**Q** 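First, the structure itself, so that you have it in front of you.
Given the structure is predicted, the values throughout are model-derived calculations rather than measurements. Computed over heavy atoms, backbone and side chain alike; hydrogens, waters and symmetry mates excluded.
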Amino acid sequence: MGLVTALALCRASSRHCQRRLRSPAATPGTAVGRGLSSMAPSVRLSPAARSLFDEPLAIAVQGLGPRQQVTLRASLRDESGDLFQACARYQAEDDGELDLARCPALPGGSFSGLEPMGLLWALQSQKPFRRLVKRDVQSPFLLQLEVFEGHGEPPGRLLAQAQHERAFLRDEVRRVPVREGRIRATLFLPPGNGPFPGIIDLYGIGGGLPEYRACLLANYGFAVLALAFYGYEDLPKEMKELHLEYFEEAINYMLQHTEVKGPGIGLLGISKGGELCVSMASFLKGITATALINCSVANVGTVLRYKDITIPPLGVDAKRIKVNELGIADIVDVLNNPLEGPDRHSFIPLEKATCHFLFIVGQDDHNWKSEFFAVEGSKRLQAHGKEKPEIVCYPGAGHYIEPPFFPMCAASMHLLVGRPVVWGGEPKAHCEAQIDAWQQIQNFFCKHLMGKPSRTPSML
């Protein structure tokens, strides 16, 4: 998908949602939102008041007139107060029922067609270059749903409303801050009696300690360590160079934990975090399975050291950056080829790894050439007699393949580039990729860490 097209969709979504009447607040946790009169329509949700963020939410409106036209709007605010919204136009059925699982959205909103979860995956920030992330997994996102009369700009009066909590941390999942030696992390332990299969979860160059993916994954029976590696507490403020000894300490912490099942653990990483997982699997012991989301198989951005080994960063050519009329950069071609010249020294020797690999690839990734890296990694493994990795490719998916129902971000700030960059992806295809990739990741870890099919979390 072109950058201008993607941003146009986002801007259109914002315009449609901004042209709405300001509505009164609903009661938190409301399962059925009552309208403005005793005969007014109501919103019906399932699960009623609270659900996990990565599970579907069934949305319906009852009590409308036959074939009545309405506009639905979904809103939530992140922890910084940024507002994300999506809206869609609908027409009720002959009996006055509007079930998003049966009724397609009409043109003119954030999406169209039969999209039962469209109001969630189409959410867009009302400010440019904002990506929806969850910083405090101990509190849910509060989703507000509103039903307006008609398809006007703005639409008519508010007919009904409801609120719903989209949670990350199940009540039974234990969140344990970890400050062992140099390790700065959070361990999530599932309910029940351990030991549990262990996974270390790494994000990318944004730094800090993102917990939301690790938290959601723990709901499926894994002990997951969300690991910071810079830009958090007393860790280095900048990513000038990285030492694998730090990550080795985290692996040993997991292997020695009484509630983590051995003999090996899994690694999960996206972007720079995925690249670090490749390095960990290549040089460190105790790794059984490594799942990689849109990662490089060459060292990028900083020097990597382990004992007496140094891997230089892959070369870049800033002249290959393309900047559009909006000042947004496309950096997909900026990296040198790690198969040529001195840049070959940046290729991570993943043939040293003894684990199973899964590559998740967004074929419209504009951060770097993820499909190229996955294919070259596979070639190198097989050339050295190693098991062929699983590679799952998703047409129309961009760089940030997150857990299900996180909205696609077309462009946002890149810390190393110092300006907004395009991430790639088409919203609907990206959403579908996230749903399937999440299941692929669970299946992969269940197979190699548990020796069994994947699980589903219990209802909250």
Side-chain angles (χ1 to χ4, degrees), residues 1 3 6 9-10 52-56 117-118 120-124 130-134 168 199-206 210-217 220 222 224 226 266-278 289-297 300 331-332 357-375 377-378 389-412 414 421-445 454:
M1 172 187 241
L3 171 60
L9 283 172
C10 296
L52 292 172
F53 194 91
D54 65 336
E55 71 176 346
M117 290 292 288
L120 281 83
W121 63 250
L123 288 166
Q124 290 295 325
R130 296 290 199 275
R131 185 166 67 93
L132 182 64
V133 297
K134 192 73 177 78
F168 291 78
I199 298 170
I200 293 177
D201 183 31
L202 289 171
Y203 264 82
I205 63 163
E211 297 180 355
Y212 56 92
R213 186 173 61 197
C215 178
L216 288 172
L217 195 55
Y220 296 88
F222 300 99
V224 189
L267 303 177
L268 172 61
I270 185 171
S271 194
K272 179 65 180 180
E275 172 211 305
L276 283 168
C277 288
V278 176
T290 300
L292 308 161
I293 305 170
N294 284 334
C295 83
S296 167
V297 292
V300 176
I331 61 173
V332 70
F357 282 102
L358 167 66
F359 288 86
I360 298 292
V361 173
Q363 291 183 302
D364 195 34
D365 183 359
H366 277 251
N367 182 69
W368 50 30
K369 298 177 181 178
S370 294
E371 187 172 10
F372 166 79
F373 287 134
V375 170
S378 178
E390 297 179 49
I391 301 177
V392 183
C393 295
Y394 297 100
H399 185 64
Y400 277 110
I401 296 179
E402 295 273 43
F405 312 123
F406 271 92
M408 189 197 86
C409 178
S412 66
H414 192 298
V421 303
V422 57
W423 301 116
E426 184 278 319
K428 180 180 177 181
H430 192 88
C431 169
E432 292 171 347
Q434 290 184 156
I435 294 170
D436 188 75
W438 192 233
Q439 192 62 54
Q440 293 280 354
I441 290 166
Q442 292 171 47
N443 291 345
F444 176 73
F445 285 130
S454 63

**Q** List for me each residue that meets side chain to side chain contact (heavy atoms under 4.5 Å, CB included) alongside Ala433, sequence neighbours excluded, and say none if there are none.
**A** Tyr394, Ala397
**Q** To the nearest 0.5 Å, what is the distance between CG (Leu268) and CD1 (Ile360)?
**A**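 Interatomic distance, Leu268 CG to Ile360 CD1, rounded to 0.5 Å: 9.5 Å.
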**Q** Kindly give the heavy-atom pair with the smallest separation between Pro56 and Phe405, and that separation in Å.
**A** N-CE1, 3.8 Å
**Q** So, using ring pair (Phe, Tyr, Trp, His ring centres under 6.0 Å) as the criterion, who are the partners of Tyr400 when residues are at least two apart?
**A** Trp423
**Q** Kindly give the heavy-atom pair with the smallest separation between Ala411 and Val422, and that separation in Å.
**A**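 That would be CB-CA, 4.1 Å.
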**Q** Can you give me the closest heavy-atom contact between Val392 and Leu358, atom names plus distance?
**A** CG2-CD1, 4.0 Å
**Q** I need the minimum non-hydrogen distance between Cys295 and Val278, along with the two atoms involved.
**A**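 The pair with the smallest heavy-atom distance is SG-CG2, 4.0 Å.
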**Q** Would you compute the distance between atom CD of Gln363 and atom CG of Asn294 and round it to the nearest 0.5 angstrom?
**A**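 Interatomic distance, Gln363 CD to Asn294 CG, rounded to 0.5 Å: 10.0 Å.
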**Q** Could you work out, with side chain to side chain contact (heavy atoms under 4.5 Å, CB included) as the rule, every residue matching Lys369, not counting sequence neighbours?
**A**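 For Lys369, the residues satisfying side chain to side chain contact (heavy atoms under 4.5 Å, CB included) (neighbours in sequence not counted) are Val332, Asp333, Phe372.
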**Q** Between Phe359 and Ser370, does the side chain to side chain contact (heavy atoms under 4.5 Å, CB included) criterion hold? Intermediate values first, please.
**A** CA-CA 9 Å; Phe359 288 86; Ser370 294; over 6 Å; no
**Q** Taking atom CZ of Phe445 and atom CD1 of Ile199, what is their separation to the nearest 0.5 Å?
**A** 4.5 Å
**Q** Sequence neighbours left out, what pairs pass salt bridge (Lys or Arg N to Asp or Glu O under 4.0 Å) with at least one residue falling in residues 393-408?
**A**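 Residue pairs passing salt bridge (Lys or Arg N to Asp or Glu O under 4.0 Å), neighbours aside: Arg131-Glu402.
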**Q** Atom CZ in Arg213, atom CG in Asp54: separation rounded to 0.5 Å?
**A** 12.5 Å
**Q** For Cys277 and Leu202, which heavy atoms make the closest approach, and how far apart are they?
**A** SG-CD1, 3.9 Å
**Q** Excluding sequence neighbours, so at least two apart, what forms ring pair (Phe, Tyr, Trp, His ring centres under 6.0 Å) with Tyr203?
**A** Tyr212
**Q** Between Ile205 and His414, is any pair of side-chain heavy atoms under 4.5 Å apart?
**A**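 Yes; the side chains approach each other to less than 4.5 Å.
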**Q** What distance do Glu275 atom CD and Ser296 atom OG have between them, rounded to the nearest 0.5 Å?
**A**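 It is 5.0 Å, given to the nearest 0.5 Å.
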**Q** Name all residues meeting the side chain to side chain contact (heavy atoms under 4.5 Å, CB included) criterion together with Ser271; count only those two or more places apart in sequence or in a different chain, and write none if there are none.
**A**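 Counting only residues at least two positions away or on another chain, Ser271 forms a side chain to side chain contact (heavy atoms under 4.5 Å, CB included) with Asn367, Trp368, His399.
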**Q** Can you check whether Gly396's main-chain N or O pairs, donor with acceptor, with Asp364's side chain at less than 3.5 Å?
**A** no
**Q** I'd like to know whether Leu132 forms a side chain to side chain contact (heavy atoms under 4.5 Å, CB included) with Gln124, so could you lay out the CA-CA distance, the side-chain angles of the two residues, the decisive distance to 0.1 Å, and finally the verdict.
**A** CA-CA 8 Å; Leu132 182 64; Gln124 290 295 325; over 6 Å; no
**Q** Pair Ile441, Ile293 - check side chain to side chain contact (heavy atoms under 4.5 Å, CB included), show working.
**A** CA-CA 10 Å; Ile441 290 166; Ile293 305 170; 3.9 Å; yes
**Q** Give the intermediate values and the outcome of side chain to side chain contact (heavy atoms under 4.5 Å, CB included) for residues Asp365 and Phe373.
**A** CA-CA 12 Å; Asp365 183 359; Phe373 287 134; over 6 Å; no
**Q** Quick one: does Gln434's side chain have a donor or acceptor within less than 3.5 Å of a partner on Phe406's backbone?
**A** yes
**Q** Might you point out which heavy atoms bring Lys272 and Val300 nearest each other, and give the distance in Å?
**A**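 Minimum heavy-atom contact is NZ-O, 2.6 Å.
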